[in-house]
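Small disclaimer: the values here were computed from a predicted structure and weren't measured.
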Amino acid sequence: SAETPPKEKYVRNIIMGSHKEGGASTFWSYALNLPLSSNSMISWKFCYVLHKLLRDGHRNAVADSYRRCRNVKDMGVLWGNLHDRYGHIVALSAKYLCLKMEFHAKHKVIPGNLEASDETVEREAGTDMTKVLDMTNELLDYMDAGLKMAETVLRQLDANGAKSTTPAGQCRLTPLIPLILDCSFLYHFSVRLMFKLHSRIAPDVLLGHRERFRDLFTSLTQFFDRAREMEFFKSVIQIPDLPDAPPNFLRAAALAEYKKPVVVMPGEEQHEEEEVEPQPEFRESAQIPQYYLLSQMGGSEAPVEQRETETESLRRELEVLKPELQLIKNEAQRCVTELKAQVNRLEAEVEEQRTHKQVAMVENEHLRMEVEALRCTNVANVGAQIGYKEADSEAQAAELRFTQLKERHAELVTSHADLMKKNAETVKMLSSTKQDQDDLLRAKKQLESELENLRQQSSNMVRPLQPLTHNCRHLLSGTQLNSTLAGLQAEREVLLRSVREQEAELNSLRQQAQLHHSSMEQERQRSSMELGSLHAQLQQQACREGELAQKLQEEQFCLLQCAVVEAEGIILDAVAKVDDPIHVRCISSPDYLVNRAEITLGSIDKMQQSHLVYLGNRNDASGLLRAVTQFSHLAADTIVNGAATSHSAPTDQADRLTDSCRDCANHCLQFLKDLKFQASLQRADPSAIRYTVQRILALGQDLRPKGQDVLKEELGSMVDKEMIATSTAIEEAVLRMDVRTHESHRLQTPDMTTPGDGAASVTEFYAKNSRWTEGLISASKAVGWGATQLLDSADRVVGENGTYEELIACSHEIAGSTAQLVAASKVKADRNNKKLKTLQQASRHVNDMAAVVVSSTKHGQMQISDHGVMDFSGMSLIKLKKEEMEAQVKVLQLESQLEQERVRLGELRKRHYDLGVSGTGTDAEPGVLTC
């Protein structure tokens with residue numbers, strides 16, 4: 001586990017063991033017991049040894065290791081999720097080794113060290129351009145994984161400031177040696193196959209492959225140049241120079257100019273001969289007697305009798321030592337067994353502790369990630385927008401690919417229909433051919449029957465002539481008999497010639513029938529072969545179409561997962577704002593909350609419909625992507641505005657509204673979690689979200705202010721009356737307190753009408769904005785009432801009938817009312833209005849004076865309460881105990897009274913909220929959070 005490179009002699013022993021065993025089963029039996037999940041250093045060295053074994057080990061080592069590919073992949077995934085010094089490069093190395101094993105398991109003719117001839121690679125690729133294209137992609141993926149691993153190793157080496165000559169640097173760089181060997185062969189094979197593709201496929205189709213190869217060529221050049229500069233690689237490997245530019249695949253003559261890069265490892269063969277060859281000689285020499293070895297070193301002149309004597313004595317000593325040696329071996333074996341059992345037990349305990357430690361580290365990492373996510377809440381919205389744009393662009397790209405797949409599917413359907421038509425025509429032609437053959441057979445049988453009839457007729461005609469000839473011989477004589485016989489013989493010859501002609505015609509018909517039959521048989525075989533090939537093509541096209549459809553569905557689901565992850569981030573950001581102390585100062589109106597909740601309910605219905613559509617057709621997730629994105633933004637807006645509305649609501653309703661917002665967020669996250677996995681996609685249901693949003697909507701409607709029973713026509717005159725009454729009350733209070741008289745006009749309201757309001761007069765303006773006017777009237781009343789109450793409290797304190805607490809409460813009330821009046825005025829007033837600025841200055845002055853009143857009151861109260869020190873020196877123990885008990889009773893009474901008054905204050909505020917207009921100006925601009 002030390003940060004040093006693996007010793008080459010141990011690696012060579014493992015490789016030699018694989019050749020002796022004929023595989024890698026023993027290696028994996030030991031490798032599975034290594035602590036690969038708890039020690040990244042051991043995992044890094046294990047990846048290097050496995051890479052060397054796949055390259056230089058027995059040819060069966062690839063197949064044996066491929067069966068353990070899942071273990072290597074799980075190890076890489078584990079270390080990829082952990083932030084360890086070697087964790088990231090272990091994950092990349094594991095990914096590269098898995099691709100290597102999969103490639104060589106699929107293409108068995110290419111060995112693990114990639115030392116295959118060009119003819120072997122081209123023969124493995126074949127002439128089918130689809131197979132050549134697949135093999136090219138596999139080679140590019142193979143090389144890309146290796147280059148990413150090399151780039152990460154070199155980047156970490158620079159970040160840690162390690163040098164290539166130190167043990168730590170060599171520990172990181174040693175696994176790059178076999179990687180350089182692999183990359184040189186992968187580059188060569190990729191160039192050969194790219195030229196082959198460009199000779200058969202249009203260049204426009206291979207544009208993406210050329211761009212990817214150009215990127216890999218640049219990365220490979222940088223890797224080779226960087227490695228060539230390091231001292232570590234200069235002594236162990238000779239790295240070739242690559243050309244300045246990648247090969248021009250569009251020019252076929254460039255293949256003749258291309259030169260294969262060759263990597264040379266000096267001294268490798270010498271080391272193998274020095275350490276590999278002596279091993280079998282040592283084993284053989286161990287069986288030779290020791291005197292023979294001595295004789296080989298210089299005792300060759302010893303007599304034969306002396307040698308035999310020494311041999312016999314040595315043999316007797318060996319026989320004596322054998323039982324002792326066997327006892328020692330048995331004892332050592334027993335000790336080894338016990339120690340192995342103890343080691344296994346201790347390793348099990350250590351592994352269990354490592355597992356617990358690993359779980360703790362994972363939990364710690366999750367907590368750290370959550371904290372980091374909470375810290376990044378300020379940029380989450382920007383990230384969400386970017387993620388939405390990326391998801392939208394990916395969705396458009398997916399739609400484009402889906403359109404292309406649809407066109408390809410239409411072409412396949414058309415070709416399938418043509419093949420079916422051709423198949424039907426072939427079957428029809430075959431049936432007509434069979435019918436013609438049957439007709440020929442029937443004609444053949446008919447001709448045979450006719451020939452047989454002619455033969456019978458001929459025999460019947462000849463048979464009557466024989467007795468006639470016999471009679472004629474007796475009755476006729478001379479010339480008459482001869483003429484009669486000649487006539488009969490001529491007639492017979494005619495009949496026989498007719499029979500021979502019909503037999504010749506029948507034979508020709510038979511030959512024609514056989515020829516036709518053989519041609520029909522050949523046609524039938526050819527049709528069967530064509531039909532089989534057509535069926536195979538149809539099956540291949542159907543399989544290809546299924547693979548494309550499956551790939552499209554996987555891509556669509558990946559896009560959906562990306563959109564769901566972004567939506568979860570938006571919802572988590574909204575929940576973070578609910579619990580953020582800074583957000584407590586932000587308020588929103590119930591009207592805006594109701595508006596957001598109604599729109600959110602609409603988006604939930606749309607998302608549910610899109611979900612059903614996607615379940616019916618997994619090839620298109622664009623509708624669900626848009627619905628999820630819109631829903632996440634609207635739901636987060638509803639949660640944030642619900643929390644802001646609760647800040648200005650009564651206690652009970654605020655608690656219910658906040659709880660509803662949190663429940664809404666939890667249900668949203670659960671629904672998005674169900675959408676993110678294939679297993680739970682079917683049962684994803686937003687009904688709980690809809691119910692929670694409806695509850696938020698109902699709470700927002702309950703929080704809407706109940707307007708006073710005042711006609712809109714009366715609002716304009718009421719504002720002037722209330723302003724006059726407020727000014728009068730303030731003037732009276734100011735005169736009573738003998739304050740400067742010019743401050744009595746500071747609370748005049750600024751001009752509210754603006755050029756764009758469309759109101760012909762101030763009265764019409766107040767009537768048009770009735771709800772805002774009610775808030776302004778309420779604020780002005782509160783200011784006048786607060787000033788009057790402050791002065792009355794001061795009079796009672798001077799007359800020793802009041803308390804200092806009344807002065808403090810009145811000061812707070814008048815400061816709050818003044819701020820409410822200013823906030824209400826700012827909603828409709830022009831930003832550059834001079835009276836508004838005067839009103840703001842007056843408000844700040846009132847706040848300062850109220851603070852002075854409060855501090856002075858508290859100071860005076862402290863002076864009055866500090867009249868002397870309590871003297872309990874004259875009290876006895878019982879008296880002190882009694883006084884202490886009475887004091888405790890009074891404290892409990894005061895605490896109970898304080899709690900009751902707090903409850904009463906809450907109920908009063910709740911009742912005041914129900915009767916009056918909530919907020920100052922939020923009804924005029926319902927969509928803006930007021931902080």
Side-chain angles (χ1 to χ4, degrees), residues 44 47-48 50-51 54-55 62 66 69 72-73 75-77 79-80 87-107 110 112-114 116 121 124-125 131-157 172-173 175-198 205-227 239-240 242-243 245-247 249 258 260-261 263 394 397 551 554-555 558:
W44 176 243
C47 292
Y48 167 66
L50 178 58
H51 194 178
L54 294 175
R55 281 188 54 83
V62 176
Y66 180 66
C69 182
V72 179
K73 188 176 295 183
M75 179 192 71
V77 172
W79 286 112
H88 192 192
I89 57 178
V90 168
L92 294 176
S93 179
K95 181 181 178 182
Y96 173 75
L97 292 175
C98 290
L99 287 175
K100 184 178 181 68
M101 289 186 286
E102 291 173 358
F103 178 82
H104 292 291
K106 182 177 180 181
H107 306 284
I110 302 177
N113 56 7
L114 295 170
V121 175
E124 177 66 16
K131 187 176 180 182
V132 176
L133 196 63
D134 293 340
M135 188 171 179
T136 305
N137 290 328
E138 292 172 0
L139 287 171
L140 294 179
D141 293 340
Y142 195 167
M143 183 164 58
D144 188 14
L147 292 177
K148 286 182 179 178
M149 169 189 164
E151 180 183 359
T152 307
V153 170
L154 295 177
R155 187 174 64 250
Q156 288 188 0
L157 192 69
R172 291 179 182 270
L173 296 177
L176 298 186
I177 297 175
L179 181 62
I180 294 173
L181 295 170
D182 285 354
C183 288
S184 65
F185 284 102
L186 293 174
Y187 169 76
H188 175 65
F189 295 157
S190 301
V191 171
R192 301 285 301 185
L193 293 184
M194 286 289 287
F195 273 112
K196 188 172 184 179
L197 287 174
H198 281 78
V205 179
L206 300 173
L207 177 61
H209 288 75
R210 290 197 300 274
E211 292 179 352
R212 185 182 183 190
F213 182 85
R214 186 180 299 109
D215 296 338
L216 292 177
F217 176 81
T218 304
S219 301
L220 182 62
T221 304
Q222 294 175 356
F223 172 42
F224 278 8
D225 292 343
R226 179 70 188 282
I239 302 174
L242 295 178
F249 300 112
Y258 164 74
K260 177 182 177 182
V263 180
E394 291 178 356
K551 186 176 181 181
E554 292 176 356
E555 290 180 353
C558 289

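The closest donor-acceptor contact from the side chain of His51 to the backbone of Cys47 lies at 3.5 Å or more, if one exists at all.
A pairwise comparison of heavy atoms in Met143 and Cys183 identifies SD-O, 4.3 Å as the closest pair. For the pair Ala150 and Leu176, the tightest heavy-atom approach, listed with the atom from each and the gap, is CA-CD2, 4.0 Å. The two atoms that bring Leu242 and Tyr187 nearest to each other are CD2-CE2, 4.1 Å, heavy atoms only. Closest approach of Phe213 to Val191, counting heavy atoms only: CZ-CG2, 3.5 Å. Here the shortest heavy-atom pairing between Pro175 and Tyr48 reads CA-CD1, 3.5 Å. Between Ile239 and Ala227, the shortest heavy-atom contact is CD1-CB, 3.5 Å.
The CG atom of Leu140 sits 5.0 Å away from the CZ atom of Arg212 when rounded to the nearest 0.5 Å. Taking CZ of Arg155 as the start and CD1 of Ile89 as the end, the distance is 10.5 Å to the nearest 0.5 Å. The CE atom of Met135 lies 5.5 Å from the CG atom of Leu193; values are rounded to the nearest 0.5 Å. For the atom pair OG1 of Thr136 and NZ of Lys131, the computed distance is 12.0 Å after rounding to the nearest 0.5 Å. Note that CZ of Phe103 is 4.0 Å distant from CD1 of Ile110, once rounded to the nearest 0.5 Å. Here CG of Leu54 is found 7.5 Å from NE2 of His104. Values are rounded to the nearest 0.5 Å.
With sequence neighbours excluded, the residues forming a side-chain hydrogen bond (donor to acceptor under 3.5 Å, both in side chains) with His209 are Asn137, listed by chain and number. Contacts of Glu554 classified as salt bridge (charged side-chain N to carboxylate O under 4.0 Å, His left out), with partners at least two apart in sequence or in another chain: none. In this structure Lys106 satisfies the side-chain hydrogen bond (donor to acceptor under 3.5 Å, both in side chains) test together with Glu138, sequence neighbours excluded.
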For residues 217-224, dump all side-chain donor-acceptor pairs below 3.5 Å to protein atoms at least two apart in sequence or in another chain.
from   : atom 1 : to     : atom 2 : distance (Å)
Thr218 : OG1    : Arg214 : O      : 3.0
Ser219 : OG     : Asp215 : O      : 3.2
Thr221 : OG1    : Phe217 : O      : 2.7

Going by atom type alone, with no hydrogens or angles, which donor-acceptor pairs under 3.5 Å involve a side-chain atom of residues 94-101 and a protein atom two or more places apart or on another chain?
from   : atom 1 : to     : atom 2 : distance (Å)
Tyr96  : OH     : Asp182 : OD2    : 2.8
Lys100 : NZ     : Gly112 : O      : 2.9
Lys100 : NZ     : Tyr142 : OH     : 2.7
Lys100 : NZ     : Asp182 : OD2    : 3.1

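Between Phe195 and Tyr258, the ring center distance fails the sub-6.0 Å criterion.
Using a 4.5 Å heavy-atom cutoff, the side chains of Phe249 and Lys196 are not in contact. You'll find the side chain of Arg192 stays beyond 4.5 Å of the side chain of Val121, heavy atoms only.
Here side-chain hydrogen bond (donor to acceptor under 3.5 Å, both in side chains) pairs that include residues 143-153, with residues two or more places apart or in two chains, number zero.
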